[in-house]
Amino acid sequence: MFRYEVVHWHETDDDEVVEVVARAIDVDGLFNDPVPVARERVVLRGCPREFADLAGDFALEVCVDDEAQWWDLTDLVVHGTVPNAELVDVVASAAVRLDDAGSAFGPAPRHLLFRDDEQLGEFLGADGLPRPWHGHEWPPITLIGVEHPERVRPMRQCSHLYTFGDRLHALDRHGRVMAKVPIALDTASVTPSALGDGLFDVVLDQPPTREPPRRRDRPAPSARAVWDLWREGVPAERNLWAPFDDDGREAWGDLTYLARKRFESDEVGGRYEVDGRYVTDWRSLHLALNEALVGPGGYYGREINALQDCLHGGWGVKPGFTLVWKDAQVAGDAIPGYLRQVVELMRERGITLRLEEKA
């Protein structure tokens with residue numbers, strides 16, 4: 001009946017302590033993007049003349065040495081240009097949102113503009129950037145069908161606890177915690193629930209967060225269908241993640257991490273096959289590789305650094321095996337550089353790797 005738990009948690013020297021304070025039948029507003037930011041004037045100084053024709057979505061990098069801020073300029077529209085020596089100043093409007101929060105403060109920062117990871121050019125400056133970021137706003141979360149709503153309140157801060165907080169745990173049909181989401185227990189309203197006597201709907205306001213959306217505080221909208229599939233239990237078939245978009249595949253990888261197993265011993269040797277038909281980005285590469293090595297729903301890293309850690313052992317399979325990568329040309333066409341890094345890493349670790357293209 002209850003698919004969610006509201007919990008207080010804190011860490012000790014040895015473990016994490018979790019207290020379930022309330023349960024809910026469902027949740028609304030959890031699978032969401034941040035509240036859209038307002039459009040604003042954007043002035044790019046000292047640009048190449050071809051910037052006068054910009055239109056669409058872009059990424060702006062402001063960097064000083066190795067420190068950088070990345071800003072998303074969504075739906076940028078150019079209103080006009082002003083001559084600036086041999087260059088032009090571009091006057092435009094866009095929705096401006098922080099994407100990656102390096103400092104990028106200091107003398108003479110560089111300004112670079114990108115579209116779809118392709119660098120379009122360098123320019124002299126952007127009015128008002130870099131700047132501090134005041135946070136992303138998130139819509140409220142509603143707990144639906146809650147028992148004991150009076151218990152839904154923030155964990156009391158204790159001086160001896162250094163790491164603690166409040167979370168929402170999602171349960172599969174077996175009662176296993178399959179996902180954990182940090183939330184604020186700031187109750188805005190409590191009303192009787194239509195789901196039954198003694199149950200209530202609790203609206204929780206959520207404060208702004210300073211983290212960029214790429215380090216999501218909430219599951220993306222497309223993650224809902226992923227969670228629904230996993231509620232039946234850890235998947236038993238390969239490639240069920242293939243129909244999902246990038247956010248859905250990210251959510252799938254997150255669920256494999258929480259469901260990960262630690263093995264008392266590792267298999268050494270043997271032959272494994274990667275089904276490469278759906279490896280169109282780096283996330284899907286790891287999902288397909290994980291399924292090849294430790295089965296559907298298994299975890300063997302979500303990115304190359306985690307893969308490197310898993311290759312040390314303790315995750316079910318140790319180097320010394322043979323890996324046959326079917327339809328390798330799919331990844332070779334979509335992510336050639338990333339595929340090359342993974343192949344080099346695995347061969348360096350003593351894995352016999354054979355890339356096969358579709359006949």
Mind checking whether Tyr299 and Trp315 have ring centres under 6.0 Å apart? yes
Compare all side-chain heavy atoms of Leu120 with those of Phe58 and state whether any distance is below 4.5 angstrom. yes
Audit row: His286, Tyr338, side-chain contact (heavy atoms from CB on, under 4.5 Å) steps and yes/no: CA-CA 11 Å; His286 289 283; Tyr338 195 83; 2.6 Å; yes
Side-chain touch Val202/Thr187, heavy atoms, less than 4.5 angstrom: yes
Please test Arg283 against Asp281 for salt bridge (Lys or Arg N to Asp or Glu O under 4.0 Å), starting from the C-alpha separation and ending with a verdict. CA-CA 6 Å; Arg283 296 191 198 280; Asp281 53 36; over 6 Å; no
Test side-chain contact (heavy atoms from CB on, under 4.5 Å), reference Leu195, set Ile25, Val146, Asp26, output is Ile25
Find out whether Glu237 and Pro296 are in side-chain contact, i.e. whether some heavy atom of one side chain is under 4.5 Å from a heavy atom of the other. no
4.5 Å side-chain heavy-atom contact, Pro219 and Leu30: yes
Residues Glu16, Arg167: salt bridge by 4.0 Å N-O rule: yes
Heavy-atom neighbours of Arg340 CZ exceed 12 at 6.0 Å: no
Any side-chain heavy-atom pair from Val324 and Glu356 closer than 4.5 angstrom? yes
Are Thr81 and Val91 packed together at the side-chain level, in the sense that at least one heavy-atom pair is separated by less than 4.5 angstrom? no
Counting C-beta onward and ignoring hydrogens, is there a side-chain heavy-atom pair between Arg231 and Met178 closer than 4.5 Å? yes
Paired with Leu54, the side-chain contact (heavy atoms from CB on, under 4.5 Å) test is passed by just one of Leu73, Leu76, Val77, namely Leu76
Kindly indicate whether the side chain of Pro139, heavy atoms from C-beta on, has any atom under 4.5 Å from the side chain of Val35. yes
Within this structure, what is the NE2-CZ distance for the pair His136 and Arg218, rounded to the nearest 0.5 Å? 12.5 Å
Parallel, tilted or perpendicular for Phe123 and His111, by the 30°/60° rule? tilted
